[in-house]
Each structure stands twice: as C-alpha cells, then as structure tokens.
Amino acid sequence: MRNLLPFISSHPGGRSALTCRFRCGDACFKETPNTSDNEYAGDIIAGAVSRRSMMRAAAVVTVATAAGTAALTGPSAPQAEAVALAGHGHQPGHPHKPAPSGARGLRFSPVAPNKDDKVTIPDGYAQNVVIRWGEPILRGAPAFHPDKQTAKAQAGQFGYNNDFLSLLPLRGERGRQVMVANHEYTDEILMFRGYDPANPTREQVEIAWAAHGLSVVVVQEENRTGKLGPVNRHPLNRRLTATSEFRMTGPAAGSTLLRTSADRSGRKVLGTLNNCAGGTTPWGTTLHGEENFNQYFANGTTDMHKRYGIGTSATERKWERFDRRFDLAKEPNEANRFGWVVELDPYDPDSTPRKRTALGRFKHEAAQPRLTSDGRPVVYMGDDEKFDYLYKFVSSKRMKKGNSRAAREHNLTLLDEGTLYVAKLSGDSPVTEIDGSGKLPDDGEFDGSGVWIPLATGTTSHVPGMTADEVYVYTRLAGDKVGATKMDRPEDVEPSPRTGRVYVALTNNSDRGKAGKPGADEANPRNSNKHGQILELAENWDDPTSDGFAWRLFLVAGDPDDPATYFAGFPKESVSPISCPDNVAFDAHGNLWISTDGNALGSHDGLFGVATHGDRRGELKQFLTVPAGAETCGPVIQDRRVLVAVQHPGEIDGASVEKPASVWPDGPGRIVRPSVVAVWRKDGRDIGV
C-alpha cells in the first residue's frame with residue numbers, strides 16, 4: 001500500500017499565494033459572496049427518504065445510443081435510473097474483469113506524480129511547444145523581447161496565460177487548422193523586470209490590457225509527426241484585448257443596467273477579461289467564459305457588487321488609476337458588462353465578438369453546447385465560486401446546417417433567444433449517512449435527482465420580484481431567490497458527444513462544513529474539500545430540454561489510498577491519484593480527459609484520462625504533468641494529438657523575473673513563458689490505442 005501523498009499548501013488546493021493573488025484576486029480568502037439563506041442540499045436530503053420513490057419516478061432516464069437519442073420505454077422507474085447512470089460499467093457488488101491492455105484510448109503507461117520542471121509525457125510519445133507568450137502572430141508585430149515590451153507589440157503577439165484552446169478545420173489549406181486561445185489573466189511580477197506592485201506604470205498597464213483577451217492563430221502540422229507551429233501573419237490571425245470592441249446581444253442588451261457614461265446605448269463594450277475555459281459550437285464558433293472579472297474593479301459601492309466579489313478598495317493591478325471605467329465609484333455599471341459568455345467567429349477576422357446576455361452573468365468557467373434532437377443548442381455552465389450554482393440555457397431556435405452566409409448569420413443568433421435555468425439537486429440517502437468524511441452511503445453511491453428551475457425566457461422573468469434584465473445581469477441573485485443548490489466550485493461542464501451525459505467538474509471547497517457555512521451533502525460529500533469531485537448528470541429521457549435529471553458522483557478525487565475517494569467503482573489500486581479537476585474534454589472513444597488546477601497531493605498539476613463506460617469505467621490514468629508552478633489548461637484531444645495550455649509556469653511564492661522559480665520552456669537565463677504544447681505518439685498512431 002502507498003503512503004498517502006502529503007497535502008503541502010495552506011492555500012486552496014495546491015495553489016501558490018501568487019496564483020491566488022493575480023488570477024482571482026484572493027477570492028478564497030475573502031468573505032464568500034453567496035450569503036443567501038436558500039436551502040442547502042443537505043437540508044433537502046433530510047426529507048429525501050420519504051420522497052425517494054417520487055423523485056426516482058420524476059428522474060426516469062434511459063441509456064442513449066448517441067447524444068440526442070433515447071428510448072421512451074423499457075425498465076421500471078428505479079431500474080431505468082440505475083441503468084441510465086450505470087451504463088455498461090461497474091455496479092456495486094459486480095466484480096471488474098479488466099482487460100490487460102486498458103480502455104481504448106487510454107492504452108499508455110501512466111505518468112507518475114512528480115515535481116519535475118518540464119512537461120512529462122508517457123514513454124513512446126513526443127512533444128513540442130506550439131506557441132509561447134509574446135510570439136508575433138499579426139503582420140508587423142516584432143519578435144518578443146522581455147525587456148522591450150510595448151502595448152503595441154503585445155497587441156500583435158500571442159497573449160499571456162493561455163487557457164481554453166479550440167482547434168477548428170481550415171478548408172483548402174492542407175495540414176492547417178485554426179487555433180483559438182483564451183488569455184485568462186496577467187502576472188505582472190513574472191512579466192516585468194523590477195515591477196513595483198504599488199506603482200505600476202501606464203506602459204505596464206497597457207501591456208497587460210493587450211495581453212488579456214483572445215488569440216486566433218492558424219497552425220501548421222509538420223509532415224509525419226504531430227508537431228504544430230504557428231503560421232505568422234495568416235489573414236485569419238487575430239488578437240482581441242481588454243480594449244477591443246465587443247457587442248452586447250440578447251434580451252438584456254441596451255438595459256439601463258449596462259449603460260455607462262461612455263456607452264449610453266448599453267450595447268458596446270471595450271474588452272473581455274479573465275477568459276477561462278470555453279466551448280466550440282456545432283456551427284463553427286467558439287465560446288469564452290469571463291470568470292474572475294470582479295478583481296479588475298475598484299471601489300465597489302453596492303450589495304450587488306459584493307455578491308459578485310467586488311471589493312471596496314483599490315485593485316491589485318491599479319488599472320483604475322489609468323481608466324475611470326475600472327473605478328465603480330465613477331462608473332458603477334461598468335462591472336455589469338463583464339461576466340458573460342463571449343461568442344467569436346474565428347473564420348471572420350472583421351467580425352465583432354458578442355457577449356450573450358441570455359446565458360446570464362456570473363463567473364463563467366466554460367460553455368459547451370449540445371444539440372437537441374430537433375437541432376436546438378443547449379449550453380451547460382458553472383459559476384466558479386464556492387457555494388455557487390450550475391446552470392443551463394436552452395435555445396428556442398434551431399441550428400441551420402451548412403456554411404452558407406445565410407446559415408452562418410442565422411446561427412449567430414442561436415444564443416440570444418431561449419430559457420435560462422439553474423439546478424437544484426436532491427440526494428437519495430438519509431442525511432445521517434452523509435457525515436462529511438466522504439464515506440459512501442449504504443446504497444454504494446452518491447446519487448439522486450434534480451430539477452432545472454427556469455429563471456427567464458426572453459423578456460419574461462420567472463423569478464418573483466426581479467425583472468428579466470435583473471435576472472440576466474444579476475443571475476446569482478436569481479439563483480439565490482429560487483433556492484438553487486450550493487456547489488463546490490462548479491467549473492467546466494461538458495456533455496458527452498457519445499452518450500449525452502453531462503460531466504461537471506467541482507474543483508474544491510475548503511470552506512465546506514466550516515462554522516456558519518453549508519455542511520456536506522450528497523452531491524458535495526466532504527467537509528474541508530481539498531480535492532474536488534466530478535458529477536455525472538443524465539437528463540430525463542436523455543432530453544436536454546427536460547426540466548429534471550438524475551445525477552451521481554462519477555469521481556471523488558484525491559489519493560486512491562484515502563478511503564474518501566471513489567473512481568466509479570473501479571479498483572482504486574489501479575488508478576492514478578488526482579486532485580482539483582478543472583477543465584474537461586472528450587476523446588473519440590468517449591473517455592473524459594481532465595486537467596487539474598492546484599493539485600493538493602504534492603505533485604505538479606497534470607492531464608488525466610478516465611473511461612466513462614464499459615467494464616473499465618472509472619479507470620483513470622495520468623497522461624502528463626506540467627512544469628513548476630503551472631496549471632494544466634485546454635485541453636484538446638484529437639485522434640493523433642493532444643494539446644494543453646501550460647498556464648502560469650513558475651508562479652510560485654517569491655518568484656519574479658529576477659528570481660525565476662522555473663526555467664521552462666526555454667531553459668536557464670530565459671524568461672518563463674506560458675505556452676501551448678502538442679503531444680503525439682512517436683509511431684504516428686492514434687493516442688492510447
């Protein structure tokens with residue numbers, strides 16, 4: 001038996017104080033924004049036993065043969081729910097008979113936990129750095145030089161702290177794809193030599209504005225390998241920054257809540273901030289979630305500012321000194337123009353990206369659509385804050401197929417009309433069996449049922465006492481009012497393209513169970529939750545428009561030797577340790593790939609693959625680790641290539657340009673640079689087969 005890996009950080013997960021400071025404004029060390037008294041899931045569970053048969057009858061679901069299809073006849077209600085969430089995988093009391101070669105797509109030797117200052121990959125695989133922070137992608141942009149940075153140069157170069165990645169096909173250009181990347185935040189201490197946090201210069205601030213946002217860059221595949229490299233000055237290459245023009249669309253566009261002295265229309269916004277994860281739509285656009293936007297705004301003055309985590313004093317970066325819109329005492333509505341899902345058309349470099357108000361405003365981690373059987377997009381979303389909520393949006397419009405101009409113009413309106421919902425979960429075990437330790441209840445699983453509560457449809461509010469505009473702009477308050485379930489930091493939410501089941505990464509919550517805070521419940525079963533969990537959700541009848549669902553915890557993260565961990569019933573001696581699941585993606589085999597943020601087990605963050613179906617359901621293997629101080633983001637899983645964004649390498653307490661804590665990616669004497677990495681098999685075959 002292994003010794004339990006040590007927990008080594010006093011910060012949430014395994015993050016450094018430097019990361020907490022620059023990425024989210026030390027959100028975990030401030031008062032929890034959600035102080036509502038709506039029911040906790042633990043309160044709901046207390047009455048669950050008496051309602052158990054009713055809930056199950058309301059959550060009847062069946063196994064889908066593919067996303068968007070389902071049988072409407074079959075087993076009884078309790079059997080149907082069990083079948084829907086168990087699939088062909090392990091059920092309590094059924095022994096596994098694992099095949100010796102592993103799940104298809106995961107047939108590689110797992111990387112051992114480590115603290116090496118490099119990207120560590122399995123034997124038989126190769127890698128390259130696709131693009132680094134500061135590499136020129138637009139015509140006229142200079143080569144990167146750490147001591148000759150300018151805002152103008154950065155606006156034509158690849159941005160800082162790459163996060164979400166998308167690779168899209170490029171017709172007519174053999175071996176090329178369009179890569180879209182988010183740039184979540186800047187760490188000025190690691191960007192500028194001699195940086196003074198108390199007195200940033202205007203040039204430093206303007207460089208940081210230019211380093212935020214999005215990058216579109218065409219990449220070229222090298223013959224006979226999986227190596228990728230940027231195509232500089234390609235006509236589709238583009239940079240969008242904190243000062244680029246964006247357009248508000250949807251039912252709240254033009255609201256008085258979105259108007260400022262610089263924009264009396266409430267429809268034109270400068271910039272996008274703290275873009276974390278995102279999504280790729282079936283109609284060929286990308287979605288980008290504005291997450292910890294609160295930290296950029298100073299001098300919050302209202303209770304609503306507080307509910308969104310906005311402080312009452314100066315900000316870390318002091319942007320308010322150089323642009324009044326970041327001072328809420330002067331522009332109280334400016335913050336309302338951030339915290340949205342942004343839609344970008346990467347094939348049209350002249351288009352204006354849109355902030356979709358119909359999807360609500362909160363700390364969006366990601367947004368990944370699926371289609372209903374009649375072609376309407378449904379988008380699942382998490383609000384990445386302790387004790388905040390899980391949402392979905394159901395469009396009222398159908399997607400048009402094809403690439404005609406008319407089809408593309410129509411599809412760019414799909415996310416402006418529909419209904420926004422928030423989730424309320426109930427467990428099916430007695431509250432006495434959920435003791436906060438992570439011990440499984442007597443039925444062998446953390447599971448239950450849930451309902452989607454409608455918040456608004458178009459200009460109609462479904463929340464008493466709130467207008468539709470207020471629901472969209474103050475979506476957190478709407479969730480409070482209708483009694484949504486408080487979760488352990490819901491981050492990336494992805495529907496499986498094979499089964500339609502939805503997987504929710506719940507990263508961690510060290511405040512769970514503390515005095516005055518919600519205690520453990522069946523969906524969030526551990527107090528002082530340092531490692532997080534992944535929830536699996538099956539919509540009733542596999543219909544994504546349904547107002548009900550069944551759920552269970554697919555994975556309870558941590559060291560497998562810890563009894564408070566669970567891997568879908570798979571033997572724990574045969575899995576890799578994992579902590580703090582964050583971004584997720586699927587491969588062509590239906591395996592879920594998980595990148596981590598803040599590993600609290602003493603190893604560097606990494607990328608993991610886990611089987612979601614078959615007799616190896618729950619088998620989890622580590623595919624790579626990232627360098628010192630870095631977080632694993634992205635990821636993109638193709639048949640013959642894996643892409644990850646290596647974010648904030650070297651972001652360790654006490655580090656600076658002068659005293660680097662990492663020498664990745666270019667070795668000693670070079671500045672540490674966030675970068676995108678591609679990994680492929682040396683023999684040219686598909687990943688993990």
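From a predicted model like this one, the values you see are computed outputs, not experimental measurements. Here, residue 1 is the first one in the sequence, and each next residue gets the next number.
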A side-chain contact here means heavy atoms from C-beta on lying under 4.5 Å apart; do Val219 and Val231 qualify? no
Can you tell whether the side chains of Arg641 and Glu221 come within less than 4.0 Å, N to carboxylate O? yes
Polar side-chain atom of Arg681 near backbone of Val689 as donor-acceptor pair, under 3.5 Å: yes
Please report the C-alpha distance between Phe554 and Phe567 in whole Å, then the side-chain angles of each, then the deciding distance to 0.1 Å, and finally whether the ring-ring contact (aromatic ring centres under 6.0 Å, His included) criterion is met. CA-CA 7 Å; Phe554 171 67; Phe567 296 83; 9.2 Å; no
Distance-only, no hydrogens or angles: does the Arg238 side chain make a donor-acceptor pair with backbone N or O of Ser215 under 3.5 Å? no
Please check if any side-chain donor atom of Thr596 sits under 3.5 Å from a side-chain acceptor atom of Asp605, or the reverse. yes
Shortest non-hydrogen contact from Pro353 toward Ser351: CD-O, 3.6 Å
Mind checking what makes ring pair (Phe, Tyr, Trp, His ring centres under 6.0 Å) contact with Phe192, not counting sequence neighbours? none
Do the charged groups of Asp416 and Lys397 touch, with an N to O distance under 4.0 Å? no
Taking all atoms of both residues into account, what is the closest heavy-atom pair of Pro649 and Ala630, and its distance? CA-CB, 3.7 Å
Any side-chain donor paired with an acceptor under 3.5 Å for His364 and Glu290? no
Might you confirm whether atom CZ of Arg107 has over 12 heavy atoms from other residues, nucleotides or ligands at distances under 6.0 Å? yes
Can you tell me if Ser579 uses its side chain to pair, donor with acceptor, with the backbone of Asn599 under 3.5 Å? no
For Asn161 and Glu184: C-alpha separation, side-chain torsions, deciding distance, then whether side chain to side chain donor-acceptor pair (under 3.5 Å) applies. CA-CA 6 Å; Asn161 267 342; Glu184 186 175 3; over 6 Å; no
Backbone of Val218 reached by a side-chain donor or acceptor of Asn237 within 3.5 Å: yes
In terms of side-chain geometry, is the basic nitrogen of Arg354 or Glu343 positioned less than 4.0 Å from the acidic oxygen of its partner? no
Flag side-chain contact, heavy atom, 4.5 Å: Phe144 against Gln149: yes
Hydrogens and angles aside, do Thr249 and Arg356 bring a side-chain donor and acceptor to less than 3.5 Å of each other? yes
Gap between atom NE2 of His531 and atom SG of Cys580 - 0.5 Å precision: 7.5 Å
Could you check whether any side-chain N or O of His589 sits under 3.5 Å from a backbone N or O of Asn591, counting only pairs where one atom can act as donor and the other as acceptor? no
Quick one, Gln533 and Asn508 - any side-chain contact, counting heavy atoms below 4.5 Å? no
For the residue pair Thr285 and Pro346, what are the closest heavy atoms and their distance? CA-CD, 4.0 Å
For the student: nearest non-hydrogen atoms of Asn583 and Asp492, plus distance: CA-OD2, 3.5 Å
If you count every heavy atom of other residues, nucleotides or ligands that lies below 6.0 Å from Asn223 atom CG, does the total exceed 12? no
For Phe158 and Trp133, what are the C-alpha separation, side-chain angles and deciding distance, and is it a ring-ring contact (aromatic ring centres under 6.0 Å, His included)? CA-CA 5 Å; Phe158 194 68; Trp133 161 51; over 10 Å; no
Shortest non-hydrogen separation from Leu287 to Pro369 and the atoms involved: CD1-CG, 3.9 Å
Once rounded to the nearest 0.5 Å, what's the spacing between atom CG of Asp582 and atom CG of Leu506? 11.0 Å
Just how far is it from atom CG of Leu643 to atom SG of Cys633, taken to the nearest 0.5 Å? 12.5 Å
Let me see the working for Asn274 and Tyr296 under side chain to side chain donor-acceptor pair (under 3.5 Å), right down to the final yes or no. CA-CA 9 Å; Asn274 213 262; Tyr296 301 94; 3.1 Å; yes
Tell me the closest heavy-atom pair linking Ile131 and Pro230, and the distance in Å. CD1-CB, 4.0 Å
Can you tell me if CG on Asp374 sees more than 12 non-hydrogen neighbours from other groups inside 6.0 Å? yes
Is it true that the side chains of Thr280 and Ser166 contain a donor and an acceptor less than 3.5 Å apart? yes
Backbone N/O of Ala645 and side chain of Asn162: donor-acceptor pair under 3.5 Å: no
Indicate yes or no for a side-chain donor-acceptor contact from His648 to the backbone of Gly629 under 3.5 Å, with no hydrogens or angles considered. yes
Can you tell me how far the OG atom of Ser656 sits from the CD1 atom of Ile189, to the nearest 0.5 Å? 8.0 Å
Cationic N near anionic O, under 4.0 Å, Glu536 to Arg617: yes
Would Asp345 and Arg408 pass as an ion pair if we require N to O under 4.0 Å? yes
Before you tell me yes or no, could you show the steps for Thr19 and Glu651 under side chain to side chain donor-acceptor pair (under 3.5 Å), namely the whole-Å CA-CA distance, both residues' side-chain angles and the distance that decides it to 0.1 Å? CA-CA 6 Å; Thr19 300; Glu651 198 168 57; 2.6 Å; yes
Less than 4.0 angstrom from a charged side-chain N to a carboxylate O is my criterion; do Glu365 and Lys363 meet it? no
Are the side chain of Glu409 and the backbone N or O of Ala406 linked by a donor-acceptor pair below 3.5 Å? no
Gap between atom CG of Leu601 and atom CD1 of Ile578 - 0.5 Å precision: 9.5 Å
Cationic tip of Lys355 above Phe246 ring, under 6.0 Å, 45° of axis: yes
Does some side-chain heavy atom of Arg132 sit less than 4.5 Å from a side-chain heavy atom of Pro674? no
Hey, is the main chain of Leu214 close enough, under 3.5 Å, to the side chain of Asn275 for a donor-acceptor pair? no
Close side-chain approach of Glu206 to Lys152, heavy-atom, < 4.5 Å: no
Is the shortest heavy-atom distance from the side chain of Leu607 to the side chain of Ile594 under 4.5 Å? no
Report yes or no: does Asn114 contribute a side-chain atom to a donor-acceptor pair with the main-chain N or O of Asp116 at less than 3.5 Å? yes
Quick one, Phe108 with Phe623, criterion ring-ring contact (aromatic ring centres under 6.0 Å, His included). Give me CA distance, side-chain angles, the key distance, then yes/no. CA-CA 8 Å; Phe108 53 82; Phe623 183 74; 5.1 Å; yes
Heavy-atom check, side chain of Trp593 versus side chain of Val584, under 4.5 Å: no
Does some side-chain heavy atom of Met381 sit less than 4.5 Å from a side-chain heavy atom of Leu359? yes
Salt-bridged, Arg370 to Asp542, with N to O below 4.0 Å? yes
Could you check Glu222 against Arg224 for salt bridge (charged side-chain N to carboxylate O under 4.0 Å, His left out), going step by step and ending with a plain yes or no? CA-CA 6 Å; Glu222 183 180 274; Arg224 301 178 183 174; over 6 Å; no
The test is ring-ring contact (aromatic ring centres under 6.0 Å, His included); show your working for His212 and Tyr185 and say whether it passes. CA-CA 6 Å; His212 277 73; Tyr185 71 100; 7.8 Å; no
Using the six-membered ring of Phe608, assess whether NZ or CZ of Lys621 lies under 6.0 Å from its centre and within 45 degrees of the ring axis. no
Do Glu491 and Thr507 meet the criterion of a side-chain donor-acceptor pair at a distance under 3.5 Å? yes
